[in-house]
Amino acid sequence: MAKSKNYWLMKSEPDVFSIHDLAKSKSKTTFWDGVRNYQARNYMRDEMKKGDLVLFYHSNANPPGVAGTAVVCKESYPDFSAFDQNSKYFDAKSKKDEPRWFMVDIKLDKVFADVVTLPEIKEVASLKEMVLLNNSRLSVQPVRKKEFDTILKMAKQKS
DNA sequence: GCCAACGTTGGC
DNA sequence: GCCAACGTTGGC
């Protein structure tokens with residue numbers, strides 16, 4: 001029996017790290033450092049599995065929206081930026097022998113020809129229950145398969 | 001740049 | 001354990 005995949009949405013500010021930065025990264029892969037929210041951490045640490053699919057969301061962007069997809073290619077391990085005093089993500093409370101923050105690696109899947117924008121997502125009745133629309137501040141969040149597929153379809157229709 | 005929503009911190 | 005104060009996120 002094939003194991004079932006989980007679906008996620010991860011937010012990044014394109015001024016900091018956009019999907020195009022991911023496309024330019026070595027092996028089109030990056031580590032998702034800097035998450036300092038317990039709920040988001042728990043999803044990454046406990047539930048994200050290799051092969052899970054991710055909607056790559058541009059927050060604080062014009063327009064905000066889903067810019068493409070990625071795949072989880074390495075399961076959770078300590079976020080080493082928390083140990084680095086020179087990092088803006090440094091957290092003295094995260095110890096190497098007892099890390100507080102975790103991250104995963106993701107690899108680019110597709111860059112959408114056009115961003116599926118937040119206003120477009122808001123217009124779709126079947127997407128009304130997305131965490132994105134109901135807990136706008138959570139930067140790593142689960143997405144239902146149906147929602148993931150709907151957004152892929154919207155991206156295709158635009159291209 | 002504003003500000004609503006919400007998570008975190010810390011005094012008590 | 002409550003909750004006020006504060007900081008951050010993120011849409012607009």
Side-chain angles (χ1 to χ4, degrees), chain A residues 6-25 30-48 52-70 72 76-106 108-144 146-155 157-159:
Chain A
N6 292 315
Y7 299 85
W8 306 96
L9 181 149
M10 296 170 93
K11 293 180 188 172
S12 185
E13 299 188 31
D15 290 348
V16 178
F17 190 86
S18 74
I19 198 160
H20 307 292
D21 294 319
L22 179 59
K24 282 182 278 183
S25 299
T30 192
F31 45 84
W32 205 259
D33 62 335
V35 170
R36 297 291 179 268
N37 169 284
Y38 290 103
Q39 212 181 340
R41 177 206 68 183
N42 291 348
Y43 284 130
M44 286 200 294
R45 188 188 60 184
D46 305 334
E47 297 190 38
M48 277 197 181
D52 284 359
L53 293 170
V54 175
L55 297 173
F56 194 113
Y57 182 88
H58 282 169
S59 62
N60 259 312
N62 191 12
V66 178
T69 58
V72 176
S76 71
Y77 58 106
D79 179 344
F80 48 75
S81 68
F83 309 137
D84 177 2
Q85 294 212 31
N86 298 316
S87 169
K88 65 172 177 169
Y89 300 129
F90 175 68
D91 182 356
K93 291 175 188 156
S94 187
K95 306 283 169 48
K96 280 186 182 170
D97 56 353
E98 201 187 336
R100 175 174 293 200
W101 304 114
F102 290 79
M103 60 188 178
V104 298
D105 287 1
I106 66 168
L108 181 68
D109 180 23
K110 292 193 184 69
V111 180
F112 292 164
D114 282 299
V115 171
V116 176
T117 69
L118 182 61
E120 288 164 354
I121 291 169
K122 283 180 176 168
E123 283 174 18
V124 179
S126 64
L127 297 179
K128 284 245 175 346
E129 287 179 24
M130 280 189 78
V131 178
L132 181 69
L133 305 182
N134 297 294
N135 185 358
S136 63
R137 300 176 27 124
L138 188 58
S139 65
V140 175
Q141 52 183 260
V143 173
R144 295 167 191 84
K146 194 184 72 174
E147 295 164 346
F148 187 93
D149 291 342
T150 299
I151 286 177
L152 275 197
K153 206 166 97 188
M154 290 164 74
Q157 282 167 357
K158 296 185 80 167
S159 62

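What's counted below: heavy atoms across the whole structure, side chains too, no hydrogens, waters or symmetry copies. Naming convention: chains lettered A, B, ... in sequence-line order (proteins, then strands); numbering from 1 in each chain.
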What is the separation between atom [atom1] on [X] and atom [atom2] on [N], rounded to the nearest whole Å?
X	N	atom1	atom2	answer
Lys11(A)	dG7(B)	NZ	C1'	13 Å
Ile121(A)	dG11(C)	CD1	P	10 Å
Trp101(A)	dG7(B)	CH2	C1'	10 Å
Asn135(A)	dC6(B)	CG	P	7 Å
Tyr57(A)	dG11(C)	OH	P	4 Å
Arg137(A)	dC6(B)	CZ	C1'	4 Å
Tyr38(A)	dT8(C)	OH	C1'	15 Å
Gln141(A)	dG7(B)	CD	C1'	15 Å

Closest to the [X] side chain: [options]?
X	options	value
Pro64(A)	dG11(C), dG10(C), dG7(B)	dG11(C)
Ser59(A)	dG11(C), dC6(B), dT9(B)	dG11(C)
Lys122(A)	dG10(C), dC12(C), dG7(B)	dC12(C)

>> Before you tell me yes or no, could you show the steps for Arg36(A) and Ser81(A) under side chain to side chain donor-acceptor pair (under 3.5 Å), namely the whole-Å CA-CA distance, both residues' side-chain angles and the distance that decides it to 0.1 Å?
In response: CA-CA 11 Å; Arg36(A) 297 291 179 268; Ser81(A) 68; 3.1 Å; yes
>> Tell me if the centroids of the rings in Tyr38(A) and Trp101(A) come within less than 6.0 Å of each other.
In response: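 Here the rings of Trp101(A) and Tyr38(A) have centres that are less than 6.0 Å from each other.
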>> Need to verify one output field. Residue with the more 5' nearest nucleotide on DNA chain B, Asn134(A) or Lys93(A)?
In response: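 That would be Asn134(A).
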>> Counting only heavy atoms not in Lys146(A) (residues, nucleotides, ligands), do more than 12 fall under 6.0 Å from its NZ?
In response: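 Atom NZ in Lys146(A) is not crowded, with 12 or fewer foreign heavy atoms closer than 6.0 Å.
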> Any donor and acceptor pair, going by atom type alone, linking the side chain of Lys158(A) with main-chain N or O of Val115(A) inside 3.5 Å?
Replying inline: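 Checking the backbone N and O of Val115(A) against the side chain of Lys158(A), a donor-acceptor pair under 3.5 Å is found.
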